[in-house]
*Asks:* 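Below: one structure in structure tokens.
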Number of protein chains: 2
Amino acid sequence: MSQTVDRALSILPLLAEGPADLGRVADRLGVHKSTALRLLRTLHEHGFVYRQSDQRYRLGARLIALAQEAMENLDVREIAHPHLVRLNEQCGHTVHLAVYEENEVLYIDKVESRYPVRMYSRIGKPVAITVAAVAKLLLADLPENERRAVVEKLDYPMYTSRSTPNADGFLKELAKVRVQGWATDLGGHEESINCVAAPIRGADGRVTAAMSVSAPNVVVTADELLTLLPLVRRTADAISGEYSGRTPVRHTDPVHHPEHRPEKDTV
Amino acid sequence: MSQTVDRALSILPLLAEGPADLGRVADRLGVHKSTALRLLRTLHEHGFVYRQSDQRYRLGARLIALAQEAMENLDVREIAHPHLVRLNEQCGHTVHLAVYEENEVLYIDKVESRYPVRMYSRIGKPVAITVAAVAKLLLADLPENERRAVVEKLDYPMYTSRSTPNADGFLKELAKVRVQGWATDLGGHEESINCVAAPIRGADGRVTAAMSVSAPNVVVTADELLTLLPLVRRTADAISGEYSGRTPVRHTDPVHHPEHRPEKDTV
DNA sequence: TGATGCGTTGCAAGCAGTGCAACAATCGTT
DNA sequence: AACGATTGTTGCACTGCTTGCAACGCATCA
């Protein structure tokens with residue numbers, strides 16, 4: 001809506017690709033060098049970009065600090081954390097917490113595996129949305145039309161032979177996940193890593209977050225990991241209860257809640 | 001320099017305090033609601049703010065993802081990581097990596113302690129700049145005038161009785177750290193936690209990052225922690241060497257490098 | 001020493017951002 | 001149920017901010 005701000009903000013993802021000099025920024029924006037300079041200056045004053053000794057610009061520290069605050073303000077995260085730690089103590093594997101927001105799913109908390117073999121992932125990193133177990137849960141709960149819209153727009157990279165190949169397959173998977181109330185990723189992202197995930201619901205029954213336990217084949221087989229499902233679901237339900245103001249949810253009966261009418265947004 | 005962008009960017013730290021509605025944002029900016037609305041819309045389009053179901057705005061997911069990329073692009077981090085992991089394997093304690101940028105010091109990497117008692121800290125979080133061992137190293141290396149300027153502007157919160165009380169004391173501490181080439185924090189931030197830190201230098205000899213080992217009293221005493229100093233310094237030197245293109249730095253003689261003339265910026 | 005490439009600055013012109021006022025929508029109250 | 005109060009939203013006229021240009025400073029390099 002606002003051209004100037006629009007241009008300024010477009011600089012940031014551009015710099016995320018790596019440091020760039022003034023000319024490059026101006027080119028990519030399609031504006032004169034002088035205007036690019038002024039925009040960069042404003043971003044600099046706010047600490048969003050930093051000018052390194054070779055005069056090139058890169059993303060600044062304030063951005064990182066802000067993002068940190070953004071995550072700490074998420075109340076699901078705060079409530080969930082102790083539960084995640086306890087779960088990790090019980091099973092020893094990596095535990096993740098993720099949320100959905102505007103076509104992206106990202107990890108907002110993580111407790112590292114206590115086994116020496118650890119998987120790579122990082123808080124704040126967008127997850128592989130077409131295969132991750134947590135992503136399936138979060139997308140499965142979107143209102144019908146929004147879900148379709150999102151699913152159609154996605155890319156379906158074949159990380160492994162077991163990755164979700166296309167939108168149709170993904171919709172079917174989501175339908176399944178939706179009724180059964182939990183999800184898995186069996187080698188769909190990394191050949192040798194499996195995950196089990198369960199949804200965390202708010203007071204209105206909507207899925208606001210999802211959590212998962214992940215472990216590589218070399219530590220436990222997929223079957224062994226699946227035996228943890230009840231534990232994972234119990235943990236997720238406990239978090240749900242606390243999050244929605246002590247209304248513990250049963251996970252024994254298939255979850256069913258009326259198709260929500262399309263709301264604008266959800267937390 | 002650019003009014004519109006300036007206003008738009010000012011919204012973000014504001015939202016970092018917590019969700020706010022349109023009226024509140026407009027008030028804090030000192031502009032009409034309609035202009036605040038348009039700015040928020042632009043921020044929204046870029047995913048920097050998110051509108052929750054109660055219509056209030058909060059920081060968005062793209063911000064978090066961007067910050068993530070920002071950190072992954074820091075090349076010191078990439079080079080240092082394996083060294084940090086190895087150090088952690090050797091001593092078992094929490095290992096941190098931090099950089100300085102425009103009046104802020106922040107952690108950009110961390111390897112968790114292998115002892116059950118863990119300290120709280122988080123990647124991306126600004127560190128207690130007046131007491132942290134890594135902060136001392138990074139500030140001590142700033143050009144004289146810049147260092148004074150920064151030190152004067154700081155607040156000196158008394159986290160504990162051993163916290164740095166004021167600018168004068170801090171300058172003296174920095175002078176000491178500067179000549180000895182390493183730093184400690186003995187209960188200055190948390191009564192029961194001690195740290196030992198060593199600097200990482202670029203090809204020009206300037207301190208570009210700092211690393212530390214931290215442990216609570218209940219695990220090892222301060223004296224015991226100090227015995228790790230040689231190991232920490234050796235690790236830091238190894239990283240320095242690799243970072244500056246294999247020019248291993250000796251840490252045996254007191255580090256001395258000519259007072260740099262005030263440059264605009266440093267990586 | 002001159003040429004090329006970069007970042008930077010003052011300026012005038014025009015467009016885009018601003019505040020206003022009126023409207024819509026939601027909510028709580030009587 | 002009707003009413004005010006509050007909050008978000010839109011169209012519009014006007015002003016002022018943003019823009020591109022051209023000229024300059026300052027490096028590096030031939």
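The shown structure was predicted, so the numbers you read here are calculated from the model rather than taken from an experiment. Sequence lines set the chain letters: A, B, ... in the order given, protein chains first and strands last, and positions in each chain run from 1.
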*Asks:* Need to verify one output field. Residue with the more 5' nearest nucleotide on DNA chain C, A:Met1 or A:Leu37?
*Replies:*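 Comparing both residues, the 5'-ward one is A:Leu37.
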*Asks:* Could you state the interatomic distance from OH (B:Tyr107) to CD1 (A:Ile64), rounded to the nearest 0.5 Å?
*Replies:*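 Output value for this atom pair is 14.5 Å.
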*Asks:* I want to check one thing: is the phosphate of D:dT18, taken as OP1 and OP2, less than 4.0 Å away from some side-chain N or O of A:Thr35?
*Replies:*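 For D:dT18, OP1/OP2 do not have a side-chain N/O of A:Thr35 under 4.0 Å.
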*Asks:* Would you say A:Arg51 places a side-chain N or O within less than 4.0 Å of OP1 or OP2 belonging to C:dT8?
*Replies:*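 Affirmative; the distance criterion is met.
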*Asks:* May I ask you to say what A:Arg7 touches in the nucleic acid, namely base, sugar-phosphate or nothing, with a heavy-atom cut-off under 4.0 Å?
*Replies:*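 Answer is sugar-phosphate: A:Arg7 comes under 4.0 Å of backbone atoms only.
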*Asks:* Remember a base hit wins even if backbone is also touched, and classify A:Arg41 as base, sugar-phosphate or nothing at under 4.0 Å, heavy atoms.
*Replies:*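 It contacts sugar-phosphate atoms only.
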*Asks:* Can you tell me which nucleotide in D:dG8, D:dG20, C:dG17 comes closest to the side chain of B:Lys33?
*Replies:*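 The closest nucleotide is D:dG8.
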*Asks:* Above 12 or not: heavy atoms from other molecules or residues under 6.0 Å from CZ of B:Arg122?
*Replies:*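 More than 12 within 6.0 Å, yes.
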*Asks:* What nucleotide, of D:dT9, D:dA22, C:dG17, holds the atom closest to the side chain of B:Leu22?
*Replies:*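 Out of D:dT9, D:dA22, C:dG17, the nucleotide with an atom closest to B:Leu22's side chain is D:dT9.
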*Asks:* For B:Leu29 and C:dT18, give me the distance from atom CG to atom P, rounded to whole Å.
*Replies:*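 Taking CG of B:Leu29 and P of C:dT18, I get 10 Å after rounding.
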*Asks:* Side-chain N or O of B:His32 less than 4.0 angstrom from OP1 or OP2 on C:dC20?
*Replies:*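 Result: yes.
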*Asks:* Just to be sure I understand the rule, does B:Ser34 reach a base, reach only the sugar-phosphate, or reach nothing, if contact means heavy atoms closer than 4.0 Å?
*Replies:*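 Base: the residue B:Ser34, judged by heavy atoms under 4.0 Å, touches a nucleobase.
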*Asks:* Which listed nucleotide (D:dT18, C:dG10, C:dA21) is nearest to the side chain of B:Gln3?
*Replies:*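 Within the option list, the nearest is D:dT18.
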*Asks:* Under 4.5 Å between any side-chain heavy atoms of B:Arg147 and B:Leu174, yes or no?
*Replies:*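 In short, these two side chains touch, coming nearer than 4.5 Å.
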*Asks:* Between B:Tyr100 and B:Val150, is there a side-chain heavy-atom distance shorter than 4.5 Å?
*Replies:*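 Yes; the side chains approach each other to less than 4.5 Å.
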